A.B. asks: 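Here it is, the structure, as structure tokens.
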Amino acid sequence: MDWGTELWDQFEVLERHTQWGLDLLDKYVKFVKERAEVEQAYAKQLRSLVKKYLPKRPTKDDPEVKFSQQQSFVQLLQEVNDFAGQRELVAESLGIRVCLELAKYSQEMKQERKMHFQEGRRAQQQLENGFKQLETSKRKFERDCREAEKAAHTAERLDQDINATKADVEKAKQQAHLRNHMAEESKNEYAAQLQRFNRDQAHFYFSQMPQIFDKLQDMDERRATRLGAGYGLLSEAELQVVPIIGKCLEGMKVAAESVDAKNDSQVLIELHKSGFARPGDLEFEDFSQVMNRVPSDSSLGTPDGRPELRAASSRSRAKRWPFGKKNKPRPPSLSLLGGHLPSTLSDGPPSPRSGRDPLAILSEISKSVKPRLASFRSLRGGRGTVVTEDFSHLPPEQQRKRLQQQLEERNRELQKEEDQREALKKMKDVYEKTPQMGDPASLEPRIAETLGNIERLKLEVQKYEAWLAEAESRVLSNRGDSLSRHSRPPDPPATAPPDSSSSSNNSGSQDNKESSSEEPPSEEGQDTPIYTEFDEDFEESAPPIGHCVAIYHFEGSSEGTISMSEGEDLSLMEEDKGDGWTRVRRKQGGEGYVPTSYLRVTLN
């Protein structure tokens, strides 16, 4: 079935249908163009998003890149960037294969359609012109017949009229004969015109217009086929990038599975491990010793007017916080707070020489002396830290790593220079054997420069090796200090018997007097905190109040402490009083203090 046979009288319908088909083609081209713009904008936004979240610093300068989380995130961004590239390929494919080609094909179809319909309209116009000529000849034939009939009636009437002359009758007969002749000519012309029109009309409806309609049908079917192929190009453009997009998605999945929390924790340790030893416990500063000496005649002063605690503090120097700020002002001394204390005090009112109550002086001392606690802020370098060549401004562990990196870089540079020297020597030998290839003397400056670089790099390697050895020894020593950081036990609890405490205090006072009279306090002693040490005998007969297990090994090398090994069962003799130490008894015998944090305690 074709349009020329079945739709021979639907010229306007075919005209509207073919125009709708071309409009649909243009509509699809416009849709694909906007789709390509959407894909292009989508890819551009994805690339901008990736650029926004990619690390700004170079990879080698960014410590965060060593974490698997950051590496996975960067890999994820790269996969998204590749995905954006595939979207750009889709947009490019749609723009070239669909938009440009279909737009060009649409223009060709429009020209072809216009040509076919112009041909059909010309045929219609010719048929209409033939019909008009036929109508004209028909009306003329009709008019001539009426005129001939009228002339014949007039001649017949005159012939029967007796009053008419013979001339009038002859004239009327001649006129009738002329009209009959004209009518015959019009008849012949009308018959010929009618025959011509019928022939043209048959050609128009059975040959000319069916051919035009068939051409329009072929054109429309080709357009529909091409449009269907264009529909397929839309999905084909997507299918072409599906394998790459699948790889991008698989890469995202691999990046997600690459996150290793344990490894990141280890990387954090490697990056920021300082290598410092943990700070030791602060020593107990006993200010109650002076109060116990008040009733004594020599408890607060010495003959030279200096407090006895200053002499005691100059003998027992405190362990300082190793990372604290240097030259930090110390608490004011007794002499600064209340002037010189009297050498002797009675049970009566305060001495007029001092002008102040000793208890008030001690109160001010307790308010002014603040313990120097460990601070994480002191572990970090300030903004004004001077960067040194041996990286001594860094913590020991970081210093060791940086020195190791510098040493590896110097060794690589040294190997490169040595390889270059060997290459220059070989080139010089070739020049000496074959002078036409070059002058051997021209290589001497470069060889000398290379030798100078080698010597310089060797010196730097030796320098960094020495610094590295020193840094490693510092790290090892700090590790040793960290394992035995509780080297000195704290003072016993303040629940000691009064007689034992007072006797200990009195003996200590005498020693302090002798020490202060023999050697004057130095400037360095003035900057140290006031400490007083106690010793207390353990009661052997006290029953255990619980048991405990040693979590870590502890070397009790100081007086008052006891050694224990990891996993050892101990008897709990006295709980921690808040100073961080617990009194225990070993099964083999012997009591002493051990760190509370080294124990797992169970009370009875």
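Keep in mind that the numbers below use all heavy atoms, side chains included, and drop hydrogens, waters and symmetry copies. These numbers were taken from a predicted model, which means no experiment stands behind them.
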A.B. asks: Taking C-beta and beyond as the side chain, do Leu570 and Arg586 meet within less than 4.5 Å on heavy atoms?
C.D. replies: yes
A.B. asks: Using the side-chain hydrogen bond (donor to acceptor under 3.5 Å, both in side chains) rule, take Gln19 and Asp23 through it: C-alpha gap first, then chi angles, then the decisive distance, then the call.
C.D. replies: CA-CA 6 Å; Gln19 183 62 43; Asp23 292 341; 3.1 Å; yes
A.B. asks: Does CE in Met437 sit with more than 12 non-hydrogen atoms of other residues, nucleotides or ligands closer than 6.0 Å?
C.D. replies: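 At most 12 heavy atoms, drawn from other residues, nucleotides or ligands, come within 6.0 Å of this atom.
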A.B. asks: Under the salt bridge (Lys or Arg N to Asp or Glu O under 4.0 Å) rule, collect the residues that match up with Asp82, sequence neighbours excluded.
C.D. replies: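 Partners of Asp82 under the salt bridge (Lys or Arg N to Asp or Glu O under 4.0 Å) test: none.
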A.B. asks: Does some side-chain heavy atom of Glu409 sit less than 4.5 Å from a side-chain heavy atom of Tyr464?
C.D. replies: no
A.B. asks: Hey, what do you get for NZ (Lys110) to CG (Leu25), rounding to the nearest 0.5 Å?
C.D. replies: 8.0 Å
A.B. asks: For Glu39, which residues count as a salt bridge (Lys or Arg N to Asp or Glu O under 4.0 Å) partner, sequence neighbours excluded?
C.D. replies: Arg35, Arg87
A.B. asks: Between Gln45 and Leu49, is any pair of side-chain heavy atoms under 4.5 Å apart?
C.D. replies: no
A.B. asks: What's the shortest heavy-atom distance between Glu79 and Lys247, and which atoms?
C.D. replies: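 Shortest heavy-atom contact: OE1-O, 4.1 Å.
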A.B. asks: I'd like to know if the side chain of Ser563 and the backbone of Glu555 have a donor-acceptor N/O pair within less than 3.5 Å.
C.D. replies: no
A.B. asks: Determine yes or no for a side-chain-to-main-chain donor-acceptor pair under 3.5 angstrom, with Ser93 supplying the side chain and Leu89 the backbone.
C.D. replies: no
A.B. asks: Return the set of residues passing salt bridge (Lys or Arg N to Asp or Glu O under 4.0 Å) with Lys33 (not counting sequence neighbours), or none when no residue passes.
C.D. replies: none
A.B. asks: Which heavy-atom pair separates Leu572 from Val601 by the least distance, and what is that distance?
C.D. replies: CD2-CG1, 3.4 Å
A.B. asks: Using every non-hydrogen atom in the two residues, find where Phe554 and Tyr593 come nearest and quote the distance to one decimal.
C.D. replies: CE2-O, 4.1 Å
A.B. asks: Who pairs with His17 by ring pair (Phe, Tyr, Trp, His ring centres under 6.0 Å), at least two apart in sequence or on another chain?
C.D. replies: Trp3, Trp20
A.B. asks: Between Gln217 and Glu221, do the side chains contain a donor N or O and an acceptor N or O under 3.5 Å apart?
C.D. replies: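 Result is yes, a qualifying pair exists.
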A.B. asks: Do Thr596 and Thr582 have side-chain atoms, one donor and one acceptor, less than 3.5 Å apart?
C.D. replies: yes
A.B. asks: Do Arg410 and Lys463 make a side-chain contact, defined as non-hydrogen atoms from C-beta onward lying under 4.5 Å apart?
C.D. replies: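 Not in contact.
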A.B. asks: Mind listing the closest non-hydrogen atom pair of Cys99 and Val32 along with its distance?
C.D. replies: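 In terms of heavy atoms, the two residues are closest at SG-CG1, 3.6 Å.
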A.B. asks: Should Lys416 and Asp419 count as an ion pair when the cut-off is N to O under 4.0 Å?
C.D. replies: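 Not counted as a salt bridge, because no side-chain N and carboxylate O are separated by less than 4.0 Å.
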A.B. asks: Check whether any side-chain N or O of Arg223 sits under 3.5 Å from a backbone N or O of Met109 as a donor-acceptor pair, and report yes or no.
C.D. replies: no
A.B. asks: Just by distance, do the side chain of Ser106 and the backbone of Leu102 share a donor-acceptor pair under 3.5 Å?
C.D. replies: no
A.B. asks: Compare all side-chain heavy atoms of Arg47 with those of Glu88 and state whether any distance is below 4.5 angstrom.
C.D. replies: yes
A.B. asks: So how far is it from Leu54 CG to Leu77 CG, rounded to the nearest 0.5 Å?
C.D. replies: 5.0 Å
A.B. asks: If you look at every heavy atom in Ile551 and Glu566, which pair is closest and at what distance?
C.D. replies: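 Where Ile551 meets Glu566 most closely, the heavy atoms are O-CG, 3.2 Å.
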A.B. asks: Does Arg226 pair with Glu108 as a salt bridge, N-O distance under 4.0 Å?
C.D. replies: no
A.B. asks: Taking only residues two or more places apart in sequence or in another chain, which ones pass salt bridge (Lys or Arg N to Asp or Glu O under 4.0 Å) with Glu15?
C.D. replies: Arg121
A.B. asks: Decide side chain to side chain contact (heavy atoms under 4.5 Å, CB included) for Trp467 and Gln406; before the verdict, give the C-alpha distance in whole Å, the side-chain angles of both, and the deciding distance to 0.1 Å.
C.D. replies: CA-CA 11 Å; Trp467 286 341; Gln406 293 295 326; over 6 Å; no
A.B. asks: Hey, mind stepping through Met252 and Leu249 against side chain to side chain contact (heavy atoms under 4.5 Å, CB included) and telling me if it holds?
C.D. replies: CA-CA 5 Å; Met252 294 180 189; Leu249 297 178; 4.1 Å; yes
A.B. asks: When rounded to the nearest 0.5 angstrom, what distance separates CD in Glu444 from CZ in Arg446?
C.D. replies: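 The CZ atom of Arg446 is 12.0 Å from CD of Glu444, to the nearest 0.5 Å.
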A.B. asks: If you measure from CG on Leu599 to CD on Glu568, what distance do you get to the nearest 0.5 Å?
C.D. replies: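 Going from the CG atom of Leu599 to the CD atom of Glu568 covers 10.5 Å.
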A.B. asks: Decide yes or no on salt bridge (Lys or Arg N to Asp or Glu O under 4.0 Å) for Arg456 and Glu417, but give the supporting numbers first.
C.D. replies: CA-CA 11 Å; Arg456 176 180 58 82; Glu417 293 292 336; 5.8 Å; no
A.B. asks: Under the side chain to side chain contact (heavy atoms under 4.5 Å, CB included) criterion, do Phe67 and Leu271 qualify, and how do the steps go?
C.D. replies: CA-CA 10 Å; Phe67 294 98; Leu271 285 176; 3.8 Å; yes
A.B. asks: Hydrogens and angles aside, do Asp264 and Ser68 bring a side-chain donor and acceptor to less than 3.5 Å of each other?
C.D. replies: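 Yes, Ser68 and Asp264 have a side-chain donor paired with an acceptor closer than 3.5 Å.
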A.B. asks: Say whether, by atom type as modelled, one donor and one acceptor occur between the side chain of Asn411 and the main chain of Leu407 under 3.5 angstrom.
C.D. replies: yes
A.B. asks: Which distance, rounded to the nearest 0.5 Å, do you find between the CD of Glu460 and the CG of Asn453?
C.D. replies: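 Between atom CD of Glu460 and atom CG of Asn453 there are 10.0 Å.
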A.B. asks: Is any side-chain heavy atom of Val584 less than 4.5 Å from a side-chain heavy atom of Cys548?
C.D. replies: yes
A.B. asks: Hey, is OH on Tyr231 packed in by over 12 heavy atoms from elsewhere, all under 6.0 Å?
C.D. replies: yes
A.B. asks: Given the rule in the side chain to side chain contact (heavy atoms under 4.5 Å, CB included) test, do Leu234 and Leu94 qualify, once you have shown the distances and angles that lead to the verdict?
C.D. replies: CA-CA 7 Å; Leu234 187 65; Leu94 293 178; 3.6 Å; yes
A.B. asks: Quick one: list whatever passes ring pair (Phe, Tyr, Trp, His ring centres under 6.0 Å) with Phe83, sequence neighbours left out.
C.D. replies: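 Expected list: none.
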A.B. asks: Just so I know, are the side chains of Leu24 and Leu227 near enough to count as touching, which here means a heavy-atom distance under 4.5 Å?
C.D. replies: yes
A.B. asks: Which atoms form the tightest heavy-atom contact between Ile447 and Leu424, and what is the distance?
C.D. replies: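 In terms of heavy atoms, the two residues are closest at CG1-CB, 3.8 Å.
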A.B. asks: Taking C-beta and beyond as the side chain, do Asp218 and Lys215 meet within less than 4.5 Å on heavy atoms?
C.D. replies: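 Asp218 vs Lys215: side chains apart.
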A.B. asks: Could you state the interatomic distance from CG (Leu22) to NZ (Lys27), rounded to the nearest 0.5 Å?
C.D. replies: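 So the gap between those two atoms works out to 13.0 Å.
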A.B. asks: Thinking salt bridges, do Lys425 and Asp429 make one under a 4.0 Å N-O criterion?
C.D. replies: no
A.B. asks: Is it true that Arg400 and Gln404 share a donor-acceptor pair across their side chains at a distance under 3.5 Å?
C.D. replies: no
